[in-house]
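Only one structure is covered here, and it is reproduced in the block below.
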2 protein chains.
Amino acid sequence: MVRAGLTAERLTRAGAELADEVGFEQVTVSALARRFDVKVASLYSHLKNSHDLKTRIALLALEEMADRGAAALAGRAGRDALSAFADVYRDYAREHPGRYAAAQLKLDPGAAAASAGRRHSRMTRAILRGYDLDEPDQTHAVRLLGSVFHGFVSLEAQGGFSHSAPDSQESWDRSLDALDALLRNWPAPRPS
Amino acid sequence: MVRAGLTAERLTRAGAELADEVGFEQVTVSALARRFDVKVASLYSHLKNSHDLKTRIALLALEEMADRGAAALAGRAGRDALSAFADVYRDYAREHPGRYAAAQLKLDPGAAAASAGRRHSRMTRAILRGYDLDEPDQTHAVRLLGSVFHGFVSLEAQGGFSHSAPDSQESWDRSLDALDALLRNWPAPRPS
DNA sequence: TGCGCTGCCTAATAGGTTTAGGCAAATTCT
DNA sequence: AGAATTTGCCTAAACCTATTAGGCAGCGCA
């Protein structure tokens, strides 16, 4: 009986591929076992449970996006950096829809702390170095940017923008123009 | 044997409550049957299948949000309308996390057409009447607003903004300030 | 060469999904 | 009212996923 050579890492990678193929929802310990031509129970020596698998895929996706983000930011600033960084999320979601969905998993505090979440917010903050914002406006802007990136990408993936003109690519470009203009001219809190 | 009086509508409403209580992921035909103290198979005269149930909950959530949105917009314009409308999504997601999650379900074309999706985009467009935007910028702005609303609310729900100052409420207010400023001063496409 | 650890297996339990077919309650007709 | 019919919930069964317990064989090392 030849051993399959299972490890948590290989399972996670295969799980990520599976997610991209059939959707993150359909990622199942059983399907993964089938893919390795192995009995389901065998996976439980490497994974705590199904949720553990999903969490690992989420962490992988967050790392991969962070890596791409870092590469995109290298040597860029201002609107250039903004655009390149934003495209990282959009492109990643298009190439790896299952992984992107995984990254939206609500992580428990332990996993969240071990995740690339901090890298993401640090990189977003780095983009703002090209603009003139002090705390706490910088944090507000980080959150706004994150919201736009995630919101646009996920509405687009949901099909929210399809079947209606103009092309969503155009809206993406113009939204980034708009964010760039906004960051260059960040408004003071309005008097309440 | 007393009849339970099941209907698709009652099941949908109960499913929505269940979603808010235990999370949309955990909404299951079995759990719903338990809640009505009825055998699982009985639900299949009212629901095509599990996916049908989820779709109905999603449609309900979209309708409810659209209703609230319409109420919020009545008699308001400009920044007031923007703020009230945005709060509809955020408040709804906080009051009804399971329903809000349901509303993110990717609908098949049939369901999407029958959904309140169009109402949502028409209302968002109505907000822009308080600003001076022509097509196609209006469409771009509609999409950007939708992205911010959904993105912020869902990152917040995921816990993305917790455990770090400042309060996410503040970022929400300032983001709306920013959007208001942006819409008042929507930039032309930058020369490429 | 044999010892032990590790990795994958069999077996079993529990719960969710879905279909087929039955009986009784509710509704309609005479 | 009583009979006929429709409808609603049930039993039964097949199948899938998740998870745990315990077994045996291969591989690494002495």
Side-chain angles (χ1 to χ4, degrees), chain A residues 1-60 98-99 101-102 105-108 110-111, chain B residues 1-60 98-99 101-102 105-108 110-111:
Chain A
M1 180 168 303
V2 187
R3 296 199 176 180
L6 306 179
T7 66
E9 286 69 36
R10 286 191 62 196
L11 290 171
T12 304
R13 270 196 297 277
E17 285 163 26
L18 185 59
D20 289 333
E21 289 164 23
V22 304
F24 184 58
E25 300 289 299
Q26 331 301 323
V27 170
T28 194
V29 182
S30 302
L32 202 51
R34 247 174 265 129
R35 174 161 292 220
F36 280 92
D37 205 20
V38 136
K39 297 296 170 181
V40 193
S42 308
L43 302 200
Y44 283 82
S45 338
H46 306 280
L47 305 169
K48 267 220 318 290
N49 50 40
S50 176
H51 183 256
D52 180 36
L53 170 62
K54 288 177 182 162
T55 299
R56 285 170 189 271
I57 297 173
L59 294 177
L60 173 66
R99 282 150 143 108
L105 193 68
K106 182 167 178 167
L107 300 171
D108 48 282
Chain B
M1 182 170 302
V2 187
R3 295 199 176 182
L6 306 180
T7 66
E9 288 67 38
R10 286 191 62 197
L11 289 171
T12 305
R13 269 197 297 278
E17 284 164 25
L18 185 58
D20 289 334
E21 289 165 23
V22 305
F24 184 58
E25 300 288 299
Q26 331 301 324
V27 171
T28 194
V29 182
S30 302
L32 202 51
R34 247 173 266 130
R35 175 162 292 221
F36 280 92
D37 206 17
V38 135
K39 297 297 170 179
V40 194
S42 307
L43 302 201
Y44 282 83
S45 337
H46 306 280
L47 305 170
K48 265 219 320 290
N49 51 40
S50 175
H51 183 255
D52 180 38
L53 169 63
K54 288 179 183 164
T55 299
R56 285 170 189 271
I57 296 173
L59 294 177
L60 172 66
R99 284 150 142 108
L105 193 68
K106 181 166 179 166
L107 299 172
D108 47 283

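Hydrogens, waters and symmetry mates play no part in the numbers below; they use all other heavy atoms, side chains included. Every chain is numbered from 1, with letters handed out A, B, ... down the list of sequences.
B:L32 and B:G15 get closest at one heavy-atom pair: CD1-N, 3.7 Å. When all heavy atoms of A:I57 and A:A102 are compared, the closest pair comes out as CG2-CB, 3.7 Å. Of all non-hydrogen atoms in B:L107 and B:A58, the two that sit nearest each other are CD2-CB, 4.2 Å. Looking at every heavy atom in both residues, B:A16 comes nearest to B:L60 through CB-CD2, 3.7 Å.
Side-chain N/O atoms of A:S30 include none lying less than 4.0 angstrom from OP1 or OP2 on D:dC16. In this model, the phosphate group of C:dG15 is not approached by any side-chain N or O of B:R34 to a distance below 4.0 Å at OP1 or OP2.
Taking atom CG of residue B:L53 and atom C1' of nucleotide C:dT18, one finds them 14 Å apart after rounding to whole Å. D:dT17 atom P lies 16 Å from atom CG of A:L47, rounded to whole Å. We find that CG of A:L43 is positioned 12 Å from C1' of D:dT17, with the value rounded to whole Å. Following rounding to the nearest Å, A:K48 (NZ) and D:dT20 (C1') show an atom-to-atom distance of 15 Å. Residue B:K39 contributes atom NZ, which lies 17 Å from atom C1' of C:dT19 at whole-angstrom precision. At whole-Å resolution of the value, OH in A:Y44 and P in C:dT6 are 22 Å apart. Straight-line distance from the NE2 atom of A:H51 to the C1' atom of D:dT19: 16 Å, rounded to whole Å. C:dT18 atom C1' lies 15 Å from atom CG of B:L32, rounded to whole Å.
For B:A101, the side chain to side chain contact (heavy atoms under 4.5 Å, CB included) partners are B:F24, not counting sequence neighbours. Considering only residues two or more places apart in sequence or on other chains, B:A41 meets the side chain to side chain contact (heavy atoms under 4.5 Å, CB included) condition with none of them. Under the side chain to side chain contact (heavy atoms under 4.5 Å, CB included) criterion, A:E21 pairs with A:E17, A:R35, sequence neighbours left out.
The side chain of A:S45 has C:dC8 as its nearest neighbour among C:dC8, C:dG16, D:dA18. In the set C:dC8, D:dA18, D:dT19, C:dC8 carries the atom at the smallest distance from any side-chain atom of A:H46. Considering only the side chain of A:L6, C:dC8 comes nearest among C:dC8, C:dT17, C:dT10. Among D:dC10, D:dT19, C:dC8, the nucleotide with an atom closest to any side-chain atom of A:V40 is D:dT19. The nucleotide whose nearest atom lies closest to any side-chain atom of B:S50 is, among C:dC9, D:dC10, C:dT18, C:dT18.
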Report all side-chain donor-acceptor pairs from residues 44-55 of chain B shorter than 3.5 Å, counting only partners two or more places apart or in another chain.
unit_1: B:S45; atom_1: OG; unit_2: B:S42; atom_2: O; d: 3.2
unit_1: B:N49; atom_1: OD1; unit_2: B:H51; atom_2: N; d: 3.1
unit_1: B:N49; atom_1: OD1; unit_2: B:D52; atom_2: N; d: 2.9
unit_1: B:D52; atom_1: OD1; unit_2: B:R56; atom_2: NE; d: 3.4
unit_1: B:D52; atom_1: OD2; unit_2: B:K48; atom_2: N; d: 2.8
unit_1: B:D52; atom_1: OD2; unit_2: B:R56; atom_2: NE; d: 3.3
unit_1: B:T55; atom_1: OG1; unit_2: B:H51; atom_2: O; d: 2.9

Between the protein and nucleotides 21-23 of chain D, list the N/O to N/O atom pairs that are separated by less than 3.5 angstrom.
none

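A distance of 9.0 Å separates CG in B:L18 from CZ in B:R34, rounded to the nearest 0.5 Å.
Judged by distance alone, with hydrogens and angles left aside, the side-chain atoms of A:T7 form a donor-acceptor pair with the main-chain N or O of A:R10 at under 3.5 Å.
The stretch residues 12-28 of chain A touches DNA chain D through A:T28, each having a heavy atom under 4.0 angstrom from the strand.
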